[in-house]
Number of protein chains: 2
Amino acid sequence: MKRNSRLSLALHTLSHMAGDPDHVRTSVDIADHAGTNPVVVRRVLGRLREAGLLISEKGHAGGWRLARSPNLITLADVYLALDESLVATEKDEHSPTCSVEHALHRRVSSVMKEIEQSLIERLSETTISEVRGE
Amino acid sequence: MKRNSRLSLALHTLSHMAGDPDHVRTSVDIADHAGTNPVVVRRVLGRLREAGLLISEKGHAGGWRLARSPNLITLADVYLALDESLVATEKDEHSPTCSVEHALHRRVSSVMKEIEQSLIERLSETTISEVRGE
DNA sequence: ACATAACGTAACTTTACTAGTTGCGTTAAT
DNA sequence: ATTAACGCAACTAGTAAAGTTACGTTATGT
C-alpha cells in the first residue's frame, strides 16, 4: 500500500464516524471500507484511543466510536495523536560533526519547527464534521 | 545511513564551498568529509548542477565548484533543485474512493500546499553564505 | 602518445521503514 | 459455552533511499 497512509486512514475513518456518531464500527468493517487490514486499523486507531479521541470496546458487540462530539475534534488533534510529522524532521545522529554542519542544522531545524507549528494551526481550524461538507 | 540525507549532504557541501569558493573539490574529498560515497555525492550534486548551482569538470584536475557567488544561492534554491518536498505530499493512487475521502483529500492537500509554499519562502531568506556565521 | 585522475551512469546490493499477515490471548454479549 | 470483538506480539513483504561495483568518457600532464 502507499506510504504514510496512517493519517489518511485515521481521518477517513473519523470523518465517516462524524456522519453517524452513534454507530459502533468493528475493525473489520473499517478495514473493508478503507481497503486494508483489521490489525492495521486497530494499530492506527489505537493511537487515537490513547489520545482520547476514540473509544474501543472489546467483546461480542464491541467496536469503535468517537469519544466526543465530532465538532470538537480537529484535524490537528488527529495529526498530533499520530505523532506523524508530515514535515520531515532532520534526524540528527552523528554527534561529531563540523561547525558548519551544526550551524546549518540549527538554522534548518528552526525553520522546520516554525513550519510544523503553522501546519498545526491551520489543521486546527477544521473539525472532522466540517470537512465532510466542504 | 539515515533517510532523506540528500538535502543535508547538499547544504553541508555548499556551505563549505561558500567559505572557499575558488577551491575545486573532488567527489572523493566531499564524500570523505560527509562520511558517504563518491557516487552518492555525484548523484546529489548532479541535481544541483542541472539546476545551475554547481559546475563540475571532468578529467585530471576536475571536480566541483559553485556556479555563482554564494550570497546568490539560497537554501530554497537547493531545496527546489533536489525536488525534495520535506512536506509530505499525499500521493493519491486509488481513483475509486468515496466522497468523504475526496473532500478530505482536497482539504488536506490545500493546507499542505500552503505550508510548502511558506517553507520555500522562509528558506529563500537565507543564503549559503549567511548560514555559516549564524 | 600514454598514463592518470577525475566525472557520468548503469546495475546491483544493502538497509530501514511501513504495511500487511498470522496467531493467540482476553473480554464481553448472547 | 459459544461467539465475536479487541490487544498485542512476531513475522513477512514491499518499497525507497543509500551504498557499492564496474566501466566508459574526458581532460590533464609528462
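Chain letters run A, B, ... following the sequence lines, proteins first and then strands; every chain starts at 1. Predicted model, so just to flag it, every value in this text is computed and none were measured. Only heavy atoms go into these numbers, but all of them, side chains included; no hydrogens, no water, no symmetry mates.
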B/S/- contact track for nucleotides 23-30 of chain C, protein heavy atom under 4.0 Å | ----BBB-
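- Atom CG in A:Leu45 sits roughly 14 Å away from atom C1' in D:dA5 (whole-Å rounding).
- Between the side chain of A:Arg107 and the backbone N or O of A:Val111 there is no donor-acceptor pair closer than 3.5 Å.
- In this structure, A:Arg47 and A:Val78 have side chains that are not in contact, with every pair of non-hydrogen atoms separated by 4.5 Å or more.
- Between B:Asp29 atom CG and C:dA5 atom P there is a gap of 13 Å when expressed in whole angstrom units.
- For the segment residues 48-56 of chain B, residues with any heavy atom less than 4.0 angstrom from an atom of DNA chain C are, sorted by number, B:Arg49, B:Ser56.
- Remark: P of C:dT9 and CZ of B:Arg43 are 12 Å apart, rounded to the nearest angstrom.
- For the ring-ring contact (aromatic ring centres under 6.0 Å, His included) condition, no pair includes a residue of residues 38-58 of chain B, sequence neighbours left out.
- Using a 4.5 Å heavy-atom cutoff, the side chains of A:Ile73 and A:Leu14 are in contact.
- The stretch residues 18-68 of chain A participates, sequence neighbours left out, in these ring-ring contact (aromatic ring centres under 6.0 Å, His included) pairs: A:His12-A:His33, A:His16-A:His33.
- Residues A:Leu54 and A:Met17 are in side-chain contact: their nearest non-hydrogen atoms beyond the backbone lie under 4.5 Å apart.
- A donor-acceptor contact shorter than 3.5 Å links the side chain of A:Ser129 to the backbone of A:Pro70.
- Judged by closest nucleotide on DNA chain D, A:Glu57 is the one of A:Glu57 and B:Val40 placed further toward the 5' end.
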Run the side-chain contact (heavy atoms from CB on, under 4.5 Å) check on A:Leu53 and A:Asp77 step by step: do they pass?
-> CA-CA 8 Å; A:Leu53 304 180; A:Asp77 291 327; 4.1 Å; yes
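- Only at 4.0 angstrom or more do the heavy atoms of residues 9-28 of chain A sit from any atom of DNA chain C, so none qualifies.
- Following rounding to the nearest Å, B:Asn37 (CG) and C:dC7 (P) show an atom-to-atom distance of 12 Å.
- Between the C1' atom of C:dT18 and the CG atom of A:Leu7 lies a distance of 15 Å, rounded to the nearest Å.
- Atom CG of B:Asp83 and atom C1' of D:dA16 are 15 Å apart (whole Å).
- Proximity of a side-chain donor or acceptor of B:Ser124 to a complementary backbone N or O of B:Glu121 within less than 3.5 Å is detected.
- The hydrophobic clustering, which links ILVMFWY residues whose side-chain heavy atoms are closer than 4.5 Å, places A:Val44 and A:Val39 apart.
- Partners of B:Arg43 by side chain to side chain donor-acceptor pair (under 3.5 Å), not counting sequence neighbours: none found.
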